[in-house]
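Beneath this line is the structure, given in structure tokens, with notes to follow.
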Amino acid sequence: MLNTPVPKFCPKKDCPCYQSLDNKITKDGTYKVKSSGERRQAFYCHGGQHRFSEMAYSNLFKKQGSVKEYSQAAKLIKYGLGVEQIADVLERDVRTIEGWVKGIADKSQKFHEFACLAITLNLLYLQMDELWSYLKKKKKQLWVFISLEADTKFWINFELGSRTNHTANRLVKGWKDWLRRTPGQVLKVTTDKLAAYKNALSKQLEPSSYVYLQIVKKRFKRRLKTVKKCWIKGTEKDFPSGTQNTSYIERLNLTLRQRISYLHRKTLGYCKNKNNLERSLWLNLFDYNYCQFHRSLQIDLTGEKIKFKKRYKEVTPGMKMGLTTAQLNWRYLLVVPIPKSG
Ligand SMILES: [Zn+2]
């Protein structure tokens, strides 16, 4: 569950009380979907005097699928399948699957942006990196810039674009607005040697609010030769041992390459449509941050004597960051009421 109240509102666009928080919404029994036999919760909008379905909180209402099918489609995208393959597996039209993936990706983005803005992020140690892909023709490069909070393993945001200041700027601006302002707290940042990060950080942040280390890796014939540390802002003592690296973001980088077929190296599965890559990234971000327990975040309970109980407490990056109180799933994402921003 989200770690902030999410009051119900009327999601019906032509209702006079649409999105209004000054309106009474109550539960109004359940109903059975004819095609799948699935039960869904209904609500009643007192201001507009009408009933609506819990599925109206996402763009998947009346999209012909069951929640089970939506979850299956999301998982198959997460495992790297394309919409054509998913359409084949689920015996649906390609256009139908595209509509589902768009709906789930839009809601993932809305959910993540709402959570980060409403609760704000306690960023202590941030790593940024970029991955390349190809767009349409193999000649045109498309870069995915990503940022990660290394202590919580929370994947903060991503941006698609060229390998320039412009994209790095959008990335930094993206998380800057979510930053929890704690007086005196200094953010540690590590990246590779791309100058765009340095420019974006100095443009967007107060000079006293961060320290910055660049890790310069030299490769010879694809083998790592040397690692040089460039202290751009701050000194060695600002980065305790274990933080003078970019290994956490490189791990996420690797995970994404395995997961997203458009990012597979040396294949022809490169991206023909930027939207598909972006949707795939949003689904993966929701799954990674809010649905999956992260092994390195396990809290060891072996010191306490708990008989017949798990010796580890498992947490997701979202829980560690304090945004959620439990592991989430696709069904929760589809029905959670997220108000429009701004
Ligand atoms: Zn209404």
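FYI, side chains are in, hydrogens and waters are out, and symmetry mates aren't considered; it's all heavy atoms of this structure. Along the sequence shown, the residues carry numbers beginning at 1. One-based numbering, in listed order, for ligands and for the atoms of each.
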### Message
Distance to the ring centre below 6.0 angstrom and angle to the axis at most 45 degrees; does that hold for Lys12 and Phe52?
### Response
no
### Query
Hey, are Glu38 and Lys68 close enough for a salt bridge, meaning a charged N less than 4.0 Å from a carboxylate O?
no
### Message
Once side-chain hydrogen bond (donor to acceptor under 3.5 Å, both in side chains) is applied, do any residues pair with Asp106, and if so which ones, sequence neighbours excluded?
### Response
Lys102
### Message
Restricting to under 2.8 Å, identify the protein N, O or S atoms around the Zn ion (ligand 1) as residue plus atom.
### Response
Cys10 SG, Cys15 SG, Cys45 SG, His50 NE2
### Message
Show the nearest heavy-atom pair for residues Ser162 and Phe145, with the distance to one decimal.
### Response
O-CE1, 3.6 Å
### Message
Salt bridge check, Arg92 against Glu69: does any charged N sit closer than 4.0 Å to a carboxylate O?
### Response
yes
### Test: Arg40 and Glu54 ion pair at under 4.0 Å
no
